[in-house]
Each structure stands twice: as C-alpha cells, then as structure tokens.
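After the structure tokens below, expect a handful of questions from me.
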Amino acid sequence: MAGDITEAGELYSPFVGLVYMFNLIVGTGALTMPKAFAQAGWLISLILLIFLAFMSYVTTTFVVEAMAAANAQLRWKKREKEEDADLSDGSDNDGPTPSGYDRSEIQPILSVQHRGLSDPFEIAERVEMGQMASMFFNKVGVNLFYLCIIIYLYGDLAIYATAVPLSLVQVTCFSVNGSCGTHAGERNDTDPCWGSIRRIDAYRIYLVVFTVFLGPFTFFNVQKTKYLQILTSLMRWIAFIIMIVVALVRIGEGKGAGHPPLAQFSGIRNLFGVCVYSFMCQHSLPSLITPVSRKKHLTGLVLVDYILVLSFYSLLCFTAIFCFSSGALMDMYTLNFGTCSPFVPPVIGYFLGLFPVFTISTNFPIIAVTLRNNWKTLFHREGGTYPWLVDRIVFPLITLVPPIIVAFCTNHLEILVSVTGAYAGNGIQYVIPAFLVFCSRKDSALVYGPELGNKHLSPFRQSGWVWFVLFWALTCFIYVTANIILTDVNL
C-alpha cells in the first residue's frame, strides 16, 4: 500500500477477478454487521446498506478511472524520455527542450494522440494508490493521504488485536452464567471465567499472548502466501455458510427469537461505520484489477460484484436478526455459535469460535508490516536513509504499541469497527477517490484534450458526482462526530 509501480504479473480471467474482489470485500467487518443491523432496525439498515453499497461502487469506478489515467501519464513520460534521448544523440542543439506533460502545452493535441500508442489508457501496470497520490496530489495532499491510510491501518490492527482475544475468551471461558442461548446477551466483563479470574482478565491475558507471538513479526518482512490465502478464504466461506444455514433452519422451525424494530435512529452511527468498513476495497483495487486479462467490461464486472456482496450481506444480517434477539447478538456474530450453543454440535461451535482466531492472526503481521512501511514512506526524503535504530526498532514499535494499547483499554469490537469506518474509512472510500479522479481528469485533459480517450471513464463522469461524494463524506463526518459528542454529553 505504500505505493509502487509494477507489472501486472500473472493474468487471470474476469471471472477469477470477480471472485477475488468478492473475497477482498467480505472480511472481518461482515461479522460485526448483524448486531449493528439489529440496533438500527431492519428497514433503515437495508436502505442505508443499499445506499452505501452504491456510494462505494461510485468511488470504485473513480479509482479505476484514476488507474487508467496514471498508466497514460506513465506511458507519456516514458515516451518523452525516449524522444529526449534520441534528440540528445542526434542533435547538436544545446538549448533546453520541454519535457513531460509540460511539452503538451506547445504541441498540437492531435500529435499527442497519434504517437504509436493504440490505447494509452490501458491498465497494464500496477500503480498503487500511494503512487497515484504522488502523481496527482501536491506535497500536502500526499502527506494527508498517507496519514489517512496510517490511521485506517491502526484501526485495522486494533480490531484484529481485539477480535482474537475476544473469540478465545468466548470459546474457553466456562462459567455458570455462560449460556449462549438465543436470549443470552453479551457477557459481563466481571463475570468469572476460570475460578476467580474474570472474563476481562482472561481477555487481557490472551491479548498479551497474542502480542508476544505475533508482535515480533512487525520487526521483519512477511507476506501472505497463495496457499494460506486459499486456506483462510475456504475457512471463511465454510463459516459463513454454516451460520446462514443454521439461522435459516431455526427460523424455518419457528424457533427464531428475533423481533427487530423497523427503525431506530440511535443505531445509525454504528451501522454507518460498520457498513463503510465492510465495503472497503478501494485501497487494494490496483493489485486486484490490473491482472484481469480482459478489461473491456470492467465497470460492469465491478457492479456485479457489488450486487453479489450486497445480497450476501443482506442474507447474513436478516437471518441473524430474526434468529437471535437484539440483545443476544454479539459484537462478532460467530460468538453466537459458541461451544455452549444449544443448537450446534460442539465441533462446529469450536470451529466457528476459533476460525476468526486463525484468519485474523495470519492477517495481523501483513497489516502491521504494511503500516510500518507507510510510516517509512511518509517520512522518507529523496536519497536519505534511516539509522538502524529508527528503521528496525522505532518504526516497528510505533506500529505495534498504539493498537495494542487500544485493545487493552476496550474490547468493544463493534465500536472499533464503526469508528475506523466512519473516520479513516470515510477518507479512503470517499474523499481520496474523489480527489484522485478530479486531479487525474485535469492532468489528462492537459495532454489528451477535453475529449478524453479514457475507455475506463467512470459512468459517473460528470463533475457533480465528485462534489456529491465529497458532500456526502463531509455530512457523514459531521453526523457521526455530533452523535458521539451528544451521546457522551447525555451520559
């Protein structure tokens, strides 16, 4: 995510790209959605879910368009360098020659458009969001971009560091009042876990163990292998299918305990943040879209993916809120199917309780290394290097310590997800794509004229859509902040 330019790598078909994108979007955030759905009411939740899916689709098309514009700019600058090299080899003229996009201002537009490039906007090179920010934003904009990414990744790490101990506590704490029936709500942190050890104590013990085992990876370079990705994806889908089927069976048998309200506006704040977090994919689009072999109908492919994700989220949430009472739904939906659940076999209960532990534990080091590298990029100066102590100790520590402290102070997973989505997620999903497409259109128009040849133009190409996205982002920021302040005042 720290933004580099590479070739597309091994290509895959549009269908495989659709599957990869579906897997990317549907992650940990989906597990926190049912409780937020129940708290806001099923009708208002459905309306907001559909609207946020649409807004995420709009900004996804913005990023795809900016990727195409970035590829065009790279090709243009590469050709200019080649021509400058030819001129320097074959001419004795010592006068300065214009280069890069500056030369477009003294050349006819048609000469720019017919220079041997069949399609300069073809997405053939992977240009990450950090590199696009460097290409289209000024220095202040680039720094703000990296700060937003860093805050989001801190939120990610805090969510992961909370989810794993929370799952382990639910699986391993056996107490008299630990029933997981459909009418049981969140366990009280002061409830006993093992004898005199309370649940909150057990949670913090597991957090320390989690930090000791996974924290050291922050000091090294790690990456997720292809086979590990396949295994974690397989486990995730088995878990989702089991939860949906079990909930459907109980509802069909007339044993559903859920009676969700139609609308409850006090729950919108959490629902908004959770939904934004759950539709997050914009920061990973370059790695996902570039290797697709046939990009002719790319926007249509993305639209199909969003429809499928929206349908899946709706199915997951509606089966959850009608199977469990609102008070019974836990921060992480898998915890409702724990080992002491009366309607799933113990083996399935252990699997559902522990699968987030495995999948999240494999992701934590990757996210931590990504955050560490973004810190390095933010403070990097051309030609400069970091001292060994700063590079190998300071950066890993400022990456690891803050999210662990947050996880130590709170185990309310839904709040962490909603705040991360409502603030940093708001910036990544709405603000950054809007500014990227706005600035890339200005740069492309300078070289290729007002009638752009970009075949990957967003269907929402009118400038009014950009301003609408920015207005929506600002409105959401104000609403969530005001809601938090008013809630705290009332408390």
Should M33 and L316 count as side-chain neighbours, where that means a heavy-atom distance under 4.5 Å?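 The answer is no, as the side chains (C-beta and beyond) never meet within the 4.5 Å cut-off.
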Do F272 and Y479 make a side-chain contact, defined as non-hydrogen atoms from C-beta onward lying under 4.5 Å apart?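 Side-chain contact under 4.5 Å: no.
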Contact between L31 and M243 at the side-chain level, heavy atoms closer than 4.5 Å - yes or no?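 Side chain of L31 against side chain of M243, heavy atoms only: contact under 4.5 Å found.
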Would you call R236 and N23 a side-chain contact if the rule is heavy atoms closer than 4.5 Å?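 In contact.
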Spell out, as yes or no, whether a donor-acceptor pair under 3.5 Å connects the side chain of T319 to the backbone of L315.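 Confirmed, T319 side chain pairs with L315 backbone.
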Return yes if some donor-acceptor pair links the side-chain N/O of N426 with the main-chain N/O of A473 below 3.5 Å, else return no.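 Present.
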Which residues share a ring-ring contact (aromatic ring centres under 6.0 Å, His included) with F395, sequence neighbours left out: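 So F395 forms a ring-ring contact (aromatic ring centres under 6.0 Å, His included) with Y386.
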What's the verdict on side chain to side chain contact (heavy atoms under 4.5 Å, CB included) for I321 and S326, showing C-alpha distance, side-chain angles and the deciding distance? CA-CA 7 Å; I321 64 177; S326 297; over 6 Å; no
Which atoms form the tightest heavy-atom contact between L52 and Q429, and what is the distance?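 Looks like O-OE1, 4.4 Å.
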Please determine whether side chain to side chain contact (heavy atoms under 4.5 Å, CB included) holds for the pair M135 and S440, giving the CA-CA distance in whole Å, both sets of side-chain angles, and the decisive distance to 0.1 Å. CA-CA 9 Å; M135 294 168 72; S440 67; over 6 Å; no
Does F145 form a ring-ring contact (aromatic ring centres under 6.0 Å, His included) with F435? I'd like the steps, not just the answer. CA-CA 10 Å; F145 165 82; F435 277 112; over 10 Å; no
Side-chain H-bond candidate by donor/acceptor type, S45 with Q39, under 3.5 Å: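 No - no donor-acceptor pair under 3.5 Å links their side chains.
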Can you name the residues that form a ring-ring contact (aromatic ring centres under 6.0 Å, His included) with Y160, not counting sequence neighbours?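 Partners of Y160 by the ring-ring contact (aromatic ring centres under 6.0 Å, His included) criterion come out as none, since no residue qualifies.
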Taking atom CZ of F408 as the centre, report whether more than 12 heavy atoms of other residues, nucleotides or ligands fall under 6.0 Å from it.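 No.
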Got D305 and Y57 here, is their nearest side-chain heavy-atom distance under 4.5 Å?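 Result no, sub-4.5 Å side-chain heavy-atom pair not found.
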For Y313 and F37, I'd like to know if the aromatic rings sit close, meaning centre-to-centre distance below 6.0 Å.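 Here the rings of F37 and Y313 have centres that are no less than 6.0 Å from each other.
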Among D156, T32, T420, whose side-chain hydrogen bond (donor to acceptor under 3.5 Å, both in side chains) with Y277 holds?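 Exactly one candidate clears the test, D156.
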What residues, two or more places apart in sequence or in another chain, satisfy ring-ring contact (aromatic ring centres under 6.0 Å, His included) together with Y203?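 Applying ring-ring contact (aromatic ring centres under 6.0 Å, His included) to Y203 gives none.
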Given F337, which partner from the list F351, Y350, F324, F355 fulfils the ring-ring contact (aromatic ring centres under 6.0 Å, His included) test?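 Single pass found, and it is F324.
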Applying salt bridge (Lys or Arg N to Asp or Glu O under 4.0 Å), which residue pairs with at least one partner in residues 201-217 are found, sequence neighbours left out?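 For residues 201-217: R198-D201.
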Report yes if some heavy atom in the side chain of I307 is under 4.5 Å from a heavy atom in the side chain of L303; otherwise report no.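 Result yes, sub-4.5 Å side-chain heavy-atom pair found.
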With a 4.5 Å limit on heavy-atom distance, are the side chains of L18 and L308 in contact?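 Yes, close enough: below the 4.5 Å cut-off.
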Sequence neighbours excluded and cut-off under 3.5 Å, please list the side-chain donor-acceptor pairs for residues 206-220, or say none.
from: Y206; atom 1: OH; to: T172; atom 2: OG1; distance (Å): 2.8
from: T211; atom 1: OG1; to: L207; atom 2: O; distance (Å): 2.8
from: T218; atom 1: OG1; to: G215; atom 2: O; distance (Å): 2.9

Does anything in residues 391-410 pair up under side-chain hydrogen bond (donor to acceptor under 3.5 Å, both in side chains), and if so which pairs, sequence neighbours excluded?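 Every pair satisfying side-chain hydrogen bond (donor to acceptor under 3.5 Å, both in side chains) with a residue in residues 391-410: K376-D391.
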Does any non-hydrogen side-chain atom of V431 lie less than 4.5 Å from one of L470?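 Yes, close enough: below the 4.5 Å cut-off.
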Looking only at heavy atoms, which two atoms of V276 and G421 are closest? And how far apart?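 Shortest heavy-atom contact: CG1-O, 3.3 Å.
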